[in-house]
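What follows is a set of notes on a single structure, which appears directly below.
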Amino acid sequence: MKFKIVSKGDKRSNKIKSTIKQYLTDFDLEYCRQEPDLVISVGGDGTFLEAFHRYVHRLDQTAFIGVHTGHLGFYADWLPDEVEKLIIEIAKTPYQVVEYPLLEVIIRSKLDKNESRFLALNESTIKTLEGSVVMDVEIKGDHFETFRGDGLCISTPSGSTAYNKALGGGIIHPSLPSIQLTEMASINNRVFRTIGSPLILPKHHTCMLKPMNDRSLIITIDHYTKTYENVKSIQCRVAKEKIRFARFRPFPFWDRVRDSFVAEGDF
Ligand code: NAD
């Protein structure tokens, strides 16, 4: 089996990276940057997102696992103290794989036929620095509303505990292939009206966002941010690709939600 380690780059993460690399190569596993079967991220959720995007072109062949060197992460859920146990489990391959849904985003331009396609593990957000975002929201080809406000967030189930949660979105179990649309400070008065509640769309229900003014848009895909001019539409739906996590022990989603957000003994 071929493996690759993506480190956050700080001293602690780099030390853990060298330990894992040394032990796994001693177990005759091959360190491979180009075509790893397993990518081990060492750092935090940000490092995991970086590792995911580095190998996003080979999701069907690469599985991911995260070790955290800061506070408990959502994707980085192995403790530094557990690294030796993890190494032994990896060396014992084969391992179990758990798949989570991803978000597909296609950005089309008004100027040409070019389109840019992205996959997000957490979410995509659309904002502007120039006043309000004004966008027609279409669901399955039908006009749903005209949004006016700070922006919109479209998240995956596993990303529902990230930015989406801060916007009042619901937490969705990753066994439900879906995307969630949440508003950022929508303007609601006698003239402008939006639904005001997060919308959860199942697989095959495409959401099309069509900017109604000429503002430049700041579009994020996970931790990446880019400014776009002349955007014709932003198409969002559940991607056909999935992320594959290597599972060496059970760590149910709701346990992770509880451990991350609900203080122990707080009942
Ligand atoms: P960062 O360093 O600002 O970290 C953001 C925090 O989000 C970290 O504590 C991280 O552990 C946590 N996080 C990331 N993914 C998560 C998930 N799926 N569930 C629960 N918590 C999660 O930024 P970063 O590390 O580069 O991560 C980028 C992510 O930050 C974005 O994808 C977005 O979800 C999140 N973010 C959140 C807010 C907010 O909550 N208001 C604002 C901007 C970005």
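The figures that follow rest on heavy atoms only: side chains count, while hydrogens, waters and symmetry mates do not. Atoms within each ligand, like the ligands themselves, are counted from 1 in listed order.
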Closest to atom 28 (C) of ligand 1 among protein heavy atoms sits L49 CD1, 3.7 Å
Look at the aromatic rings of F248 and W78 and report parallel, tilted or perpendicular, splitting at 30° and 60°. perpendicular
closest protein heavy atom to atom 44 (C) of ligand 1 is Y163 CD1, 3.9 Å
of all protein heavy atoms, closest to atom 40 (O) of ligand 1 is A166 CB, 3.4 Å
Check the orientation of F245 and Y75. Use parallel for under 30°, tilted for 30 to 60°, and perpendicular for over 60°. parallel
Residues at least two apart in sequence or cross-chain that pass salt bridge (Lys or Arg N to Asp or Glu O under 4.0 Å) with D77, listed by chain then number, are R256
If you scan protein heavy atoms around atom 22 (C) of ligand 1, the nearest is D45 OD2, 3.6 Å
Looking only at protein heavy atoms, what sits closest to atom 24 (P) of ligand 1 is G46 CA, 4.0 Å
Of E50, K165, E123, H68, the residue with the heavy atom nearest atom 32 (O) of ligand 1 is E123
Residues at least two apart in sequence or cross-chain that pass ring pair (Phe, Tyr, Trp, His ring centres under 6.0 Å) with F3, listed by chain then number, are Y31
Logged contact type for S260 with ligand 1, heavy-atom cut-off 4.0 Å, is neither
Give me the ring orientation class for Y228 and F118: parallel if the planes are under 30° apart, tilted from 30 to 60°, perpendicular past 60°.
perpendicular
